There are 2 protein chains.
Amino acid sequence: MPVHKKKLSEKIDLGGGHRMTPQRQVVYDVLMSSRDHPTATEVFIRVQEKMSSISLATVYNCLDTLAVAGIVKQVNVDREPSRYCGNLAPHAHFHCETCATVMDIDLKDGVEPSGSVKLPRGAKIQKVEVAVRGQCPECVRTNKRKNIS
Amino acid sequence: MPVHKKKLSEKIDLGGGHRMTPQRQVVYDVLMSSRDHPTATEVFIRVQEKMSSISLATVYNCLDTLAVAGIVKQVNVDREPSRYCGNLAPHAHFHCETCATVMDIDLKDGVEPSGSVKLPRGAKIQKVEVAVRGQCPECVRTNKRKNIS
DNA sequence: AATATTATTTAGAATAGTTCTTGATAAAAA
DNA sequence: TTTTTATCAAGAACTATTCTAAATAATATT
Ligand SMILES: [Mn+2]
Ligand SMILES: [Mn+2]
Ligand SMILES: [Zn+2]
Ligand SMILES: [Zn+2]
C-alpha cells in the first residue's frame, strides 16, 4: 500500500518558466520512492547512486525549487536539518525522540486540525500544523533508551 | 490581564545542582516581563540594559539551562532562530508571515490537541504541538503585503 | 542554423545561528 | 581556609544553508 501513487519518473510541470531537468527529476524520484523524510544530505547520497556527478548545492536548489512549486514538502523538526516529504496529502508528523525518525500520521476524517485552538479573530489562517513527538512503536517495543545524540 | 502571574525577580529552583545566578535571573525576568517571543539576540539586547557586562554566549547558556529546567519554553518556527517563551501554560503558537511575530494561542477547553490525528498505536506520546501560520489580525487590518524579508 | 537570451549547474566562499573550548571567576562544600 | 564544583565570557569552531560567479545547457529569436 504505497502512500505515493504517482509512478516513478513521471514528468511534472513546475510552472513559472522552470524546467524539469534531469537533476530535479532524480531528486523528485528519490523523494517519491521513499516513505521516510530524508534530509538534503541524505537525498544527496541517494541521488548520487543514480547521478554521481550531481552536487550538494544542486540538491539544495532542486529541493527548494520542488518545494516552492508545491510538489514536495519541506518538514522542519526543531533545530534539526530540514527534511523532505513527497506525500502531498494533508497529514501530520510524528517525531521519535529515540531513533530520530519522522513519520507521517494521517488526519482523522472530519476533524479540523485547528479545532483544538482558539484562532485569533480577524487573522487569515494559511496553514495549521500538528506535530507529535515521543517514542515510536518500534522503539517502545524494543525498549530502547533515549537517544542522547 | 498579564499572562505571566509570577512576580518579577522571583527566586526559582532550577534543580540538579544548578544555581539561580544573577545572569540567569535577569534572563528569566526578561522573558517573564514580556508576552512576545524574543530570539536569543533579542533577549541579549534586553538583558544588556540591566546587566551590560553579560555576553551573548551566557544568554544562550542561560536560555538553555532555563529551558532544560522547564521554566521557560523554546519555540521553533521553521528555520528561523529559536524564540523563547515564558508562558508555561499549555498553548499553541500563531506565526504571522507578514510581520514575523509569534503569538500565543489558547487551547480550547476539553479538546485534545491530538484529537485531529491518528496517533500511531503503540507509540508513547510526549508532546503534541499545534502551530498556526497566516496573517495576524493587525496585519490583516492594515492590509500589509507579505513580508519578503 | 546561428545567435541571443535565459535558466541551470557546480564548486567553493560566505553566512548565521548556535555550540564548543578554555581560562578566569565565583559559589558551595569540606 | 582549602578544595571542589559550577558558571561566565571571549572567541574559535561548527553546521546547515545560501550566495557568488563562471561554465554549461536549454530555449527563443533572427
Ligand atoms: Mn510527511
Ligand atoms: Mn508561547
Ligand atoms: Zn523510534
Ligand atoms: Zn502580523
Side-chain angles (χ1 to χ4, degrees), chain A residues 11-30 37-45 47-48 50-69 71-85 100 102 148-149, chain B residues 11-30 37-48 50-69 71-84 100 102 148-149:
Chain A
K11 293 294 178 294
I12 298 276
D13 179 38
L14 300 181
H18 288 338
R19 305 166 189 159
M20 179 49 93
T21 64
Q23 287 85 349
R24 286 171 182 165
Q25 185 71 53
V26 174
V27 167
Y28 179 72
D29 290 348
V30 160
H37 294 76
T39 64
T41 304
E42 287 164 350
V43 171
F44 176 57
I45 289 167
V47 159
Q48 275 185 312
K50 298 176 169 185
M51 187 183 277
S52 58
S53 64
I54 199 170
S55 74
L56 178 57
T58 296
V59 170
Y60 271 105
N61 287 340
C62 292
L63 288 170
D64 182 64
T65 301
L66 296 174
V68 168
I71 64 176
V72 309
K73 283 179 176 173
Q74 184 177 30
V75 179
N76 293 304
V77 175
D78 296 339
R79 305 265 86 214
E80 292 174 21
S82 282
R83 295 166 177 278
Y84 295 86
C85 173
V102 173
I148 310 166
S149 63
Chain B
K11 292 296 177 291
I12 300 275
D13 179 36
L14 300 182
H18 288 339
R19 305 167 188 158
M20 178 50 92
T21 65
Q23 288 86 349
R24 286 170 181 166
Q25 185 72 54
V26 174
V27 167
Y28 179 72
D29 290 349
V30 159
H37 294 77
T39 63
T41 305
E42 287 165 348
V43 170
F44 176 56
I45 289 168
R46 295 177 196 180
V47 159
Q48 275 186 312
K50 298 175 170 184
M51 186 183 277
S52 58
S53 64
I54 200 171
S55 75
L56 178 57
T58 296
V59 170
Y60 271 106
N61 287 340
C62 292
L63 288 169
D64 182 64
T65 301
L66 296 174
V68 169
I71 63 175
V72 309
K73 282 179 176 172
Q74 185 177 29
V75 179
N76 292 303
V77 175
D78 296 340
R79 305 267 87 214
E80 293 175 22
S82 282
R83 296 167 176 278
Y84 295 86
V102 173
I148 310 165
S149 62

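Order of the sequence lines fixes the chain letters, A, B, ..., with proteins taken first and strands second; residue numbering starts at 1 for each chain. Because only heavy atoms are used, hydrogens play no part in the values below, and waters and symmetry mates are left out as well, while side chains stay in. Keep in mind that what you see is a predicted model, and the values were worked out from it rather than measured.
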Closest to the side chain of Ser55(A), out of dT18(C), dT10(C), dT17(D), is dT10(C)

- request: Determine: side-chain N/O of Ser53(A) to OP1/OP2 of dT9(C), distance under 4.0 Å, yes or no.
  value: no

- Task: Give Ser82(B) one of three labels, base, sugar-phosphate or nothing, depending on what nucleic acid heavy atoms sit under 4.0 Å from its own.
- Result: sugar-phosphate

Check the phosphate of dA9(D) against Thr58(B), side-chain N and O only, distance under 4.0 Å to OP1 or OP2. Yes or no? yes

Separation of dG17(C) atom P from Glu42(B) atom CD, nearest Å, is 11 Å

d(Thr65(B) OG1, Met20(B) CE) to nearest 0.5 Å is 9.5 Å

Between CE of Met20(B) and C1' of dA27(C) the distance, given in whole Å, is 15 Å

Note to self: Any side-chain N or O of Arg19(B) below 4.0 angstrom from OP1/OP2 of dA28(C)?
What the structure shows: no

Gln25(B) CD to dC8(D) C1', in whole Å, measures 17 Å

Here the distance between atom P of dA14(C) and atom CG of Leu56(A), to the nearest Å, is 18 Å

Describe the nucleic acid contact of Asn61(A) in one word from base, sugar-phosphate, nothing, applying a heavy-atom distance below 4.0 Å.
base

Phe44(A) CZ to dT18(D) C1', in whole Å, measures 16 Å

Original post:
Is any side-chain nitrogen or oxygen of His18(A) closer than 4.0 Å to OP1 or OP2 of dA7(C)?
Top reply: no

When rounded to whole Å, the CG to P distance for the pair Asp78(B) and dT18(D) reads 12 Å

### Side-chain N or O of Tyr60(A) closer than 4.0 Å to phosphate OP1/OP2 of dT17(D)
yes

Rounding to 0.5 Å, atoms CD (Gln25(B)) and CE (Met51(B)) come to a distance of 9.5 Å

Query - Polar contact flag, side-chain donor to acceptor under 3.5 angstrom, Gln23(B)-Thr58(B) - result: no

query = Taking only N and O in the side chain of Gln23(B), is any of them less than 4.0 Å away from OP1 or OP2 of dA9(D)?
reply = yes

On a heavy-atom basis, the closest approach of Cys85(A) and Val75(A) is CB-CG2, 3.8 Å

Exercise for review: Taking only the side-chain nitrogens and oxygens of Thr21(A), find out if one of them lies under 4.0 Å from OP1 or OP2 of dT8(C).
Suggested key: no

Leu63(B) CG to dC8(D) P, in whole Å, measures 12 Å

Separation of dA16(D) atom C1' from Gln74(A) atom CD, nearest Å, is 12 Å

**Study point:** Full working for side chain to side chain contact (heavy atoms under 4.5 Å, CB included) between Asp29(A) and Lys50(A)
**Key:** CA-CA 10 Å; Asp29(A) 290 348; Lys50(A) 298 176 169 185; 4.0 Å; yes

Contacts of Pro22(B) and Ala57(B) projected onto DNA chain D by closest heavy atom; the upstream (5') one is Pro22(B)

Contact under 4.0 Å: Arg79(B) side-chain N or O vs dT17(D) OP1/OP2
yes

